[in-house]
Every structure is written in structure tokens, then in C-alpha cells.
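All chains are named by letter (A, B, ...) in the order of the sequence lines, taking the proteins before the strands, and each is independently numbered beginning at 1.
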Number of protein chains: 2
Amino acid sequence: MNKTTYLGELEQMILLVVLGQGDDAYGISIRNELDKRVGRKLSRSAAYTTLERLVSKGYLLTRMGDPDARRGGRAKRYYGLSAKGRAALRASGRALFELWAGHEHLLEEA
Amino acid sequence: MNKTTYLGELEQMILLVVLGQGDDAYGISIRNELDKRVGRKLSRSAAYTTLERLVSKGYLLTRMGDPDARRGGRAKRYYGLSAKGRAALRASGRALFELWAGHEHLLEEA
DNA sequence: GTTCATTTGTCAATTGTGTAGACAAAATGC
DNA sequence: GCATTTTGTCTACACAATTGACAAATGAAC
């Protein structure tokens with residue numbers, strides 16, 4: 001069987017954002033939401049490199065958008081979670097929640 | 001000011017375990033708890049490498065244990081969170097909880 | 001007090017993850 | 001056609017995670 005690997009810190013965040021954006025997740029929207037929600041700044045290339053890695057690991061599926069975008073610019077590449085991606089996200093989420101249990105008070109400090 | 005960096009996936013888990021173990025956290029106990037609680041297996045050297053990195057970043061403080069251990073073996077090196085370590089942990093915890101919000105149901109799947 | 005097993009920690013080298021910067025494709029408006 | 005906007009790709013590097021071999025420091029056996 002496969003050797004178990006773990007999601008990197010950014011990989012996990014990106015999977016979560018893709019999950020939240022449903023069918024509308026593409027490079028720039030993911031990058032923007034990460035900044036807006038948690039202040040995580042990424043260059044475009046950092047986002048794409050990680051997205052591509054997640055695709056090649058089988059955690060994300062991808063497809064090119066329709067070429068008829070209305071407002072100029074290149075076609076979007078959309079991303080969505082695979083079953084394997086959901087499973088990986090679930091596993092790392094469970095581990096984190098387990099380890100955080102009992103320490104939630106720390107989150108409330110100034 | 002410092003360029004902002006982020007805790008790696010393992011770094012975060014290790015800080016959480018150190019936080020939980022209070023004054024008793026040392027290399028092997030940390031490694032064992034990670035395995036026991038969340039099934040995360042680490043070689044000893046993987047644990048120490050990461051602990052050392054966290055020390056050099058200023059997230060952990062360390063001291064050698066008393067040399068009078070009762071049951072043989074080398075003296076233990078103990079670890080504890082610094083204020084900076086608590087702050088880093090808080091920041092990454094907040095980001096994770098924010099991104100997980102609304103997706104908790106995923107954690108309950110088979 | 002030398003040898004043995006046990007427990008813990010260190011080092012060197014490699015692979016995997018995250019980052020930035022320069023570049024280019026594909027569309028629109030003039 | 002040419003400039004502008006939006007999005008994606010490529011190359012190269014820095015940082016994080018992992019392994020395997022090694023060694024220090026103690027107690028126990030003799």
C-alpha cells in the first residue's frame with residue numbers, strides 16, 4: 001500500500017478553500033479568499049505550484065473553464081476535491097482537532 | 001520587522017503536544033504521545049530535528065534534565081513553549097479553525 | 001571497574017513543501 | 001494592430017520533514 005504522507009500546512013488550507021468554493025474554485029479566487037479570511041498572502045505562483053502538486057497527488061481534480069469569459073483574460077482552470085482529497089482533509093482535520101482539544105482557551109487570548 | 005513565516009504541519013502538532021505536557025515534555029514523550037493520540041509516527045531524529053528548529057526560531061525553550069535519572073540512560077532534554085511559541089500556535093490555530101468553520105460535518109464521515 | 005543493555009540525544013544527507021520572479025497565453029477595447 | 005487585463009506556467013531556490021547510522025550517559029551483571 002501507499003506510504004502514508006501528510007498534508008502540508010498550505011496544502012490543507014488550500015483544500016479547505018476549494019471545498020468551500022464548490023464549483024467556483026480557481027487559482028486567483030483561492031488565493032484571494034485565503035488572504036481575506038485568514039490573512040495568508042501568497043504569490044500567484046505559490047498558489048499554482050501547490051495546486052498542481054495536489055492534483056498530481058490525486059487530491060484535486062481540475063478542468064479548464066469555458067473559453068468565453070466575458071471580461072477579457074485567459075481561461076480559468078477550476079479545481080475540485082476528489083474522494084481522496086476529502087479523505088486526506090478529514091484525516092488531518094481530525095488530528096488537529098484532537099490535539100487542540102482542551103487548549104481552545106489559547107485561541108481567545110489577546 | 002520580521003518576515004512572517006508559518007508553522008509547518010508537524011511543527012504545529014509538536015507545539016501542541018509540548019503545551020499539553022507542561023513541564024514533562026521531552027523528545028521521546030512527545031514522539032510517543034503523537035503516535036498514541038493521532039497515529040503520527042516519527043523517527044526519533046525527525047522529532048529532534050523539528051524540536052531543534054523550533055528552539056532556534058524562538059518558539060521553544062529547552063533545558064537539560066537532572067543527571068540523576070533513576071533507570072539508566074542519557075539525561076533528558078526538556079522543552080517548553082515561549083511566549084512567542086504560544087503566539088505562533090494561537091495564530092495558526094485561529095487560521096485553521098476559521099477555515100474549518102462550516103465543514104465540521106466532514107470530520108464525522110466514515 | 002570493565003562490559004552490556006537501555007534510554008536518550010546528535011549528525012549528515014536526502015526528499016518534499018513553500019516561495020518569489022520573470023514570462024506568456026488568451027481574451028477585450030481602442 | 002497594439003496596449004491592457006486577467007489568468008496561468010516555468011525555473012530556481014529556501015525551508016520543512018524524514019531517514020539511517022552513530023554516540024553519550026546512565027544502571028546492572030559479573
Between [N] atom [atom2] and [X] atom [atom1], what is the distance in whole Å?
{"X": "Arg44(B)", "N": "dA24(D)", "atom1": "CZ", "atom2": "P", "value": "16 Å"}
{"X": "Glu52(B)", "N": "dA17(D)", "atom1": "CD", "atom2": "P", "value": "14 Å"}
{"X": "Arg74(A)", "N": "dA24(C)", "atom1": "CZ", "atom2": "P", "value": "12 Å"}
{"X": "Glu9(A)", "N": "dA14(D)", "atom1": "CD", "atom2": "C1'", "value": "15 Å"}
{"X": "Leu15(A)", "N": "dT17(C)", "atom1": "CG", "atom2": "P", "value": "12 Å"}
{"X": "Leu10(B)", "N": "dT15(C)", "atom1": "CG", "atom2": "C1'", "value": "15 Å"}
{"X": "Leu42(A)", "N": "dG18(C)", "atom1": "CG", "atom2": "P", "value": "10 Å"}
{"X": "Met64(B)", "N": "dT10(C)", "atom1": "CE", "atom2": "P", "value": "6 Å"}

Looking only at side-chain atoms of [X], point me to the closest of [options].
{"X": "Ile28(B)", "options": "dA17(D), dT8(C), dT11(D)", "result": "dT8(C)"}
{"X": "Tyr26(A)", "options": "dT19(D), dT7(D), dT8(C)", "result": "dT7(D)"}
{"X": "Tyr6(B)", "options": "dT19(C), dA16(D), dT19(D)", "result": "dT19(C)"}
{"X": "Thr49(B)", "options": "dT19(C), dT7(D), dT19(D)", "result": "dT19(D)"}
{"X": "Glu11(B)", "options": "dA17(D), dG18(C), dT19(D)", "result": "dA17(D)"}
{"X": "Lys57(A)", "options": "dT17(C), dT18(D), dC10(D)", "result": "dT17(C)"}
{"X": "Arg40(B)", "options": "dA16(D), dT18(D), dT17(C)", "result": "dT18(D)"}
{"X": "Lys76(A)", "options": "dT7(D), dA20(C), dT18(D)", "result": "dT7(D)"}
{"X": "Arg77(A)", "options": "dT9(D), dT8(C), dT7(D)", "result": "dT9(D)"}

It should be established whether Arg53(B) places a side-chain nitrogen or oxygen under 4.0 Å from OP1 or OP2 of nucleotide dA17(D). yes

Does Ser45(A) get its side chain close enough to the base of dG21(C), under 3.5 Å, for a donor-acceptor pair? yes

When you check the gap from the basic side-chain N to the acidic O, do Glu52(B) and Arg77(B) get nearer than 4.0 Å?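 Salt bridge flag = no for Arg77(B) with Glu52(B).
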
Answer yes or no: is there an ion pair linking Arg86(B) with Glu109(A), defined by an N-O contact shorter than 4.0 Å?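 Salt bridge flag = yes for Glu109(A) with Arg86(B).
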
Can a donor-acceptor pair be found between the side chains of Gln21(B) and Ser29(B) at a distance below 3.5 Å?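 Yes.
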
Validation row, ring centre Phe97(B) to ring centre Phe97(A) under 6.0 Å: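 Yes, they do, as the ring centres are separated by less than 6.0 Å.
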
Worked verdict on Thr50(B) versus Glu11(B) for side chain to side chain donor-acceptor pair (under 3.5 Å): CA-CA 7 Å; Thr50(B) 303; Glu11(B) 290 179 329; over 6 Å; no

